[in-house]
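Right, one structure below, let's go through it.
Every number for a ligand or one of its atoms is a count from 1 in the order of the listing.
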Amino acid sequence: MVSSTKSLVLGAVWLSSMGALADSNFNWDALRPSTKLDWKPCYSGFECTRLIVPLDYDSTAGANAAIAITRYPSTSSKSDYLGPILLNPGGPGGSGVDYVVEAGEQISTILGDRFDLVGFDPRGVSYSTPTVSWFKSDAERALWIPSTQSTVYPSLNESEYAVAQQWARAQIQGQLAQERAGGYLQYITTDNTARDMLRITEAFGQEKLQYWGISYGSVLGSTFAAMFPDKVGRVVIDGVLDMDAWYSANLTTEEVDTDKALQAFTDGCFAAGPDNCAFYAPSSAQITANLQALLDSAKTNPLPVVTPISYDVFGYTLLKNAIFDSLYSPSSLFQILAEGLADLAMGNASTIYNGFIEAPPFECAAGSNTSSPQIPFHENGFEAAVSIACSDAVEVNDNISQLQQFYFEAQKVSSFGDLWSNWRVVCSGWKAHREGRFAGPFGAANTSFPLLVIGNTVDPVTPISGAIKTVQAFPGSVLLTLDAVGHTSINAPSTCVYGYLRQYFVNGTLPEVGTVCTPDSPLFPSSADNSTTLGRRTLNPGAKLSRAGRGIAAARRRVTRH
Ligand SMILES: *[C@@H]1O[C@H](CO)[C@@H](O)[C@H](O)[C@H]1NC(C)=O
Ligand SMILES: *[C@@H]1O[C@H](CO)[C@@H](O)[C@H](O)[C@H]1NC(C)=O
Ligand SMILES: *[C@@H]1O[C@H](CO)[C@@H](O)[C@H](O)[C@H]1NC(C)=O
Ligand SMILES: *[C@@H]1O[C@H](CO)[C@@H](O)[C@H](O)[C@H]1NC(C)=O
Ligand SMILES: *[C@@H]1O[C@H](CO)[C@@H](O)[C@H](O)[C@H]1NC(C)=O
Ligand SMILES: *[C@@H]1O[C@H](CO)[C@@H](O)[C@H](O)[C@H]1NC(C)=O
Ligand SMILES: *[C@@H]1O[C@H](CO)[C@@H](O)[C@H](O)[C@H]1NC(C)=O
Ligand SMILES: *[C@@H]1O[C@H](CO)[C@@H](O)[C@H](O)[C@H]1NC(C)=O
């Protein structure tokens, strides 16, 4: 989720995306929007198109939106071809175009070559138009949200004034958005993106949707299945959000397992031993205490950091975000966190800053050319996340004391409630709410094919309770449990999960009820794990899948910054 430019992350785009990974290679402005899929080569090996859809589905004679779509084309023969699979990397605000460009080849390793793998930027996001923003230029945005803050949730525990501060910022953002983008914002919603997915599917000449959505992508997939139960071909939702929580702008329940993920860090660090965990101490409780001491110190003694490419004050908010961020992807980030914390304990914040926060400062000359009129804001992950989350949900008119109370309740659920409560605070100034937008029911008894629902046993932002609830809301769907710590199956690569994914998409086979997979990598890999993995790599075809999975996780992190 949204923070600033992260994904299902808030701050600037807490959950979502950095976009712009691919923009040096292809000029989307030069591609004329069409009512058909008019593919043009792009990004070497990919094909791109812009599909015209109605901005307002209730008034299809009015203005249009144009959805940016990129496919990693199937290489199979016509008779083996099984159609498109639409992909969403999360956010909201994550660019599906960037995701497929970065990860299409690896996804194809997992799902096979019989599908077109289709990344699209949801309306409002990155290369799709209208591109949401309430800033007039990248420079204006950078003055409001510095690059090192763009994926950070401001901690509401930073000071006693933090809630009031963030409330005030939310009022400004809401007012600017209404004044500068009020004409279209109300249409940039998940229900309309679900309608767009149906249009994309139909433009491929298919009747039913094939889809794999991660994190926020589960909201999109569930919404689609609830709105169009008879158009469900194959739908995988992975890292599942509670729909009631999403549409009520109250994500508190998403944090019920966050502290368990942190516990997995301290327990795992102790178990890994001093050779494999740099922040080791002789008990898990001692590691927890050492971590708390760093947090307490960060508030009163923030550390100045100057690196060759950037600089910032490393205080409580940044430390809390670095820790939170690592919980998304333990098998790749716990060791990095441990090294960062160990250096921090010695008074050196550069390691952890570099691992989790660092971004080069904005420079006018290096930014996109904002006088180019059509697609001015490729990096709009923050604005897209805020506007989709807030326009989807009920209107939030909480005042400061109500938000303070909300945060107070949320911190009882998780020690990361100070970050996560921003998802509600940011909506308190939001004014774009469309009458008649989707508001449930959040399920359907008669989907034309069962959904495959994937949940990790310890997911820091989409707990398995959301997956269990969603399976009940879509009778016939099946839960595949991944016994792992981390956010979505993407962040805990599992050859077992990949086998079930492929069977589902290729043959329509669901796992047996009660199936549990395990991840391929431990939380703190040792050099022994390294050598066995390397050894197996040559012998075991599963190792290729595992490597592809790690590539997808890295790509998703680049795209969503989480
Ligand atoms: C599915 O169920 C809903 C309500 O339960 C009903 O309105 C709809 O017509 C049904 N669709 C199909 C294809 O049976
Ligand atoms: C938010 O959700 C939590 C957990 O479900 C609940 O306890 C709380 O009352 C809700 N707050 C609001 C303002 O809806
Ligand atoms: C901090 O640690 C980094 C990474 O180990 C190192 O390059 C740098 O020189 C250290 N800075 C100071 C001031 O010791
Ligand atoms: C930006 O775009 C405008 C209009 O297309 C063009 O005239 C101008 O030269 C461009 N500036 C830069 C720095 O590329
Ligand atoms: C905030 O709203 C609540 C509920 O409407 C109200 O009781 C309270 O007085 C308000 N507080 C402030 C400071 O306006
Ligand atoms: C807020 O910060 C203080 C340190 O200033 C810390 O003692 C407290 O545990 C923090 N609260 C939460 C919920 O993390
Ligand atoms: C699909 O089913 C066929 C026939 O039963 C089988 O040979 C094939 O291995 C299955 N493919 C996958 C990916 O499960
Ligand atoms: C494992 O291998 C990777 C890449 O070869 C290396 O970066 C990492 O340091 C190794 N980890 C350990 C614990 O040896």
Side-chain angles (χ1 to χ4, degrees), residues 152-168 170-171 249-252 254-263 265-266 277-279 285 287-327 335-358 394-425 427-429 460:
V152 160
Y153 294 95
S155 169
L156 301 179
N157 190 26
E158 176 80 53
S159 77
E160 56 186 304
Y161 316 111
V163 170
Q165 273 284 331
Q166 295 309 321
W167 171 87
Q171 306 314 301
N250 178 358
L251 298 186
T252 298
E254 297 302 319
E255 291 233 288
V256 292
D257 289 340
T258 319
D259 288 11
K260 288 184 202 160
L262 181 61
Q263 187 72 40
F265 170 75
T266 55
C277 181
F279 199 57
I287 296 170
T288 301
N290 293 348
L291 182 57
Q292 190 57 49
L294 289 177
L295 280 165
D296 291 343
S297 163
K299 215 181 263 186
T300 43
N301 297 298
L303 293 174
V305 182
V306 180
T307 76
I309 60 164
S310 76
Y311 45 86
D312 208 340
V313 177
F314 195 86
Y316 186 83
T317 284
L318 294 190
L319 176 54
K320 204 82 191 268
N321 274 271
I323 298 166
F324 187 51
D325 200 3
S326 79
L327 307 180
Q335 233 146 18
I336 294 171
L337 178 70
E339 281 159 24
L341 293 173
D343 283 1
L344 188 62
M346 313 257 278
N348 182 344
S350 358
T351 310
I352 192 164
Y353 175 76
N354 171 266
F356 294 96
I357 306 290
E358 183 157 38
V394 297
E395 200 166 335
V396 176
N397 291 311
D398 297 7
N399 61 29
I400 294 170
S401 52
Q402 289 169 304
L403 293 172
Q404 195 80 52
Q405 182 63 26
F406 181 86
Y407 158 50
F408 181 75
E409 296 295 330
Q411 73 178 9
K412 292 185 195 158
V413 174
S414 163
S415 64
F416 293 89
D418 57 328
L419 307 187
W420 203 242
S421 298
N422 279 290
W423 282 102
R424 186 174 184 88
V425 177
C427 291
S428 66

Side chains of K320 and Y316, heavy atoms from C-beta outward: is any pair under 4.5 Å? yes

Within-cut-off N or O pair, S350 and ligand 3, under 3.5 Å: no

Test applied, side-chain hydrogen bond (donor to acceptor under 3.5 Å, both in side chains); reference residue, S155; option that passes from T317, N422, D418: D418

Measure from the side-chain N and O atoms of N399 to the backbone N and O of S401, and report whether any donor-acceptor pair falls under 3.5 Å. yes

If we only count heavy atoms from C-beta on, is the L318 to F356 side-chain gap below 4.5 Å? no

Can you list the atoms of ligand 3 that are under 4.0 Å from a heavy atom of D343? 5 (O)

Is L295 close to L319 at the side-chain level, that is, under 4.5 Å between some pair of heavy atoms? yes

For ligand 6, run through the N/O pairs with the protein that fall under 3.5 Å and put one pair on each line.
{"from": "ligand 6", "atom 1": "2 (O)", "to": "N157", "atom 2": "OD1", "distance (Å)": "3.4"}
{"from": "ligand 6", "atom 1": "2 (O)", "to": "N157", "atom 2": "ND2", "distance (Å)": "2.3"}
{"from": "ligand 6", "atom 1": "2 (O)", "to": "K299", "atom 2": "NZ", "distance (Å)": "2.8"}
{"from": "ligand 6", "atom 1": "5 (O)", "to": "K299", "atom 2": "NZ", "distance (Å)": "2.6"}
{"from": "ligand 6", "atom 1": "11 (N)", "to": "N157", "atom 2": "ND2", "distance (Å)": "2.9"}

Is there a donor-acceptor pair closer than 3.5 Å between any side-chain N or O of T266 and the backbone N or O of Q263? yes

Step through the shown structure and confirm whether more than 12 heavy atoms of other residues, nucleotides or ligands are within 6.0 Å of CD on Q402. yes

Numbered atoms of ligand 3 (with element) below 4.0 Å of T351, judged on heavy atoms: 2 (O), 4 (C), 5 (O)

